[in-house]
Amino acid sequence: MSEVHKKGLDAVLVQNDLESCCRGKSSCVVCQGADCTIGYAKQCIHNYIQTPRKEIPEGTSRIPTMDLKVYDEAELENAIAHLLKECKDCREDHTEDCIINVIRNCLEVSLFGDLHPYEGSALQYLMYLQSAFPEKAVLIADIYKS
């Protein structure tokens, strides 16, 4: 499954959102690159821009889930909402290593501290967030709807 997303992916939007989430050298002193959730996501979108592929081989399993940095929640919520708009709502064709899913997982680890289920539907995901993280879900849903 190395095909490009059928409807495309606004990689520049995703890249800009990730740059907004990044704490930068002023906060981290030394960039950890792919050892940081946002750094890994930035690497993934950079690779996608170079060679557009729908999936990242073993992408989900390589997410640095032990990254404990604190990020700006509003930037993370904004980035998740934008990614949900980019999702193709593939439902039964959903794969864990889809570029969008991997980057969303990175943002989740940064915002919620862990990975959360996604079944290929932005609406189902927002409903899940509503039950698990009601305050954050409202903010993400508002951005998603705008």
Side-chain angles (χ1 to χ4, degrees), residues 1-25 27-134 136-137 139-141 143-144:
M1 289 221 145
S2 63
E3 73 227 31
V4 176
H5 270 284
K6 293 188 183 359
K7 295 181 186 176
L9 169 64
D10 188 344
V12 173
L13 171 70
V14 174
Q15 187 175 44
N16 289 340
D17 282 345
L18 291 171
E19 287 298 332
S20 295
C21 292
C22 183
R23 298 192 42 108
K25 290 182 180 176
S27 184
C28 293
V29 182
V30 176
C31 180
Q32 296 173 331
D35 291 333
C36 154
T37 55
I38 300 303
Y40 178 67
K42 286 169 58 176
Q43 178 186 11
C44 291
I45 199 64
H46 173 78
N47 292 344
Y48 179 86
I49 291 169
Q50 298 299 312
T51 308
R53 300 275 187 248
K54 180 180 177 183
E55 293 192 26
I56 301 169
E58 300 178 30
T60 301
S61 64
R62 296 187 309 184
I63 294 171
T65 58
M66 299 308 289
D67 180 16
L68 302 175
K69 283 191 225 58
V70 177
Y71 295 93
D72 182 301
E73 290 187 10
E75 294 292 348
L76 293 169
E77 292 160 352
N78 188 55
I80 289 173
H82 285 165
L83 261 178
L84 291 176
K85 287 182 180 183
E86 293 299 307
C87 177
K88 308 310 172 212
D89 280 328
C90 53
R91 301 184 200 289
E92 61 274 350
D93 292 331
H94 170 73
T95 62
E96 288 299 307
D97 291 331
C98 163
I99 177 78
I100 294 171
N101 192 64
V102 170
I103 293 173
R104 185 189 45 73
N105 278 217
C106 290
L107 294 166
E108 281 179 343
V109 169
S110 300
L111 182 61
F112 305 120
D114 203 359
L115 303 174
H116 296 278
Y118 191 83
E119 298 176 11
S121 166
L123 181 58
Q124 282 181 323
Y125 180 73
L126 288 170
M127 290 173 25
Y128 163 76
L129 288 182
Q130 179 61 41
S131 66
F133 306 97
K136 291 181 183 359
L139 298 170
I140 293 170
I143 297 166
Y144 175 76

Please confirm whether the backbone N or O of [Y] pairs with a side-chain atom of [X], one donor and one acceptor, at under 3.5 Å?
{"X": "T60", "Y": "E96", "answer": "yes"}
{"X": "S131", "Y": "Y128", "answer": "yes"}
{"X": "Y48", "Y": "I56", "answer": "no"}
{"X": "K88", "Y": "E86", "answer": "yes"}
{"X": "R53", "Y": "C98", "answer": "no"}

Tell me, do [X] and [Y] make a side-chain contact under 4.5 Å, heavy atoms counted?
{"X": "L18", "Y": "L107", "answer": "yes"}
{"X": "Y118", "Y": "C87", "answer": "yes"}
{"X": "L111", "Y": "I140", "answer": "yes"}
{"X": "E75", "Y": "D17", "answer": "no"}
{"X": "N101", "Y": "T95", "answer": "no"}

How many angstroms lie between [atom1] in [X] and [atom2] in [Y], if you round to the nearest 0.5 Å?
{"X": "M66", "Y": "T37", "atom1": "CE", "atom2": "OG1", "value": "12.5 Å"}
{"X": "I45", "Y": "I103", "atom1": "CD1", "atom2": "CD1", "value": "4.0 Å"}
{"X": "K54", "Y": "D97", "atom1": "NZ", "atom2": "CG", "value": "11.5 Å"}
{"X": "Y144", "Y": "L123", "atom1": "OH", "atom2": "CG", "value": "7.0 Å"}
{"X": "C21", "Y": "E73", "atom1": "SG", "atom2": "CD", "value": "11.5 Å"}
{"X": "K136", "Y": "F112", "atom1": "NZ", "atom2": "CZ", "value": "7.0 Å"}

What are the two closest heavy atoms between [X] and [Y], and how far apart are they?
{"X": "C44", "Y": "V102", "value": "SG-CG1, 4.1 Å"}
{"X": "R104", "Y": "L83", "value": "N-CD1, 3.5 Å"}
{"X": "P64", "Y": "A34", "value": "CG-O, 3.5 Å"}
{"X": "S110", "Y": "I38", "value": "OG-CD1, 3.7 Å"}

TODO: Provide the full list of salt bridge (charged side-chain N to carboxylate O under 4.0 Å, His left out) pairs with a residue in residues 56-70, sequence neighbours left out, each pair given once.
DONE: D67-K69

TODO: Show the numbers, then the answer: is there a side chain to side chain contact (heavy atoms under 4.5 Å, CB included) between S27 and Y71?
DONE: CA-CA 10 Å; S27 184; Y71 295 93; over 6 Å; no

- [ ] Please report the C-alpha distance between Y125 and Q130 in whole Å, then the side-chain angles of each, then the deciding distance to 0.1 Å, and finally whether the side chain to side chain donor-acceptor pair (under 3.5 Å) criterion is met.
- [x] CA-CA 9 Å; Y125 180 73; Q130 179 61 41; over 6 Å; no

TODO: Mind checking salt bridge (charged side-chain N to carboxylate O under 4.0 Å, His left out) for E77 and listing every partner two or more places apart, or none if nothing turns up?
DONE: none

- [ ] Could I get the full list of salt bridge (charged side-chain N to carboxylate O under 4.0 Å, His left out) partners for E119, not counting sequence neighbours?
- [x] none

Open item on the list: Set out, in order, the CA-CA distance, both residues' side-chain angles and the distance that settles side chain to side chain contact (heavy atoms under 4.5 Å, CB included) for N105 and V109, then state yes or no.
Closed with: CA-CA 6 Å; N105 278 217; V109 169; 5.6 Å; no

Open item on the list: Is the ring pair F133/H116 parallel, tilted or perpendicular, if the boundaries are 30 and 60 degrees?
Closed with: perpendicular

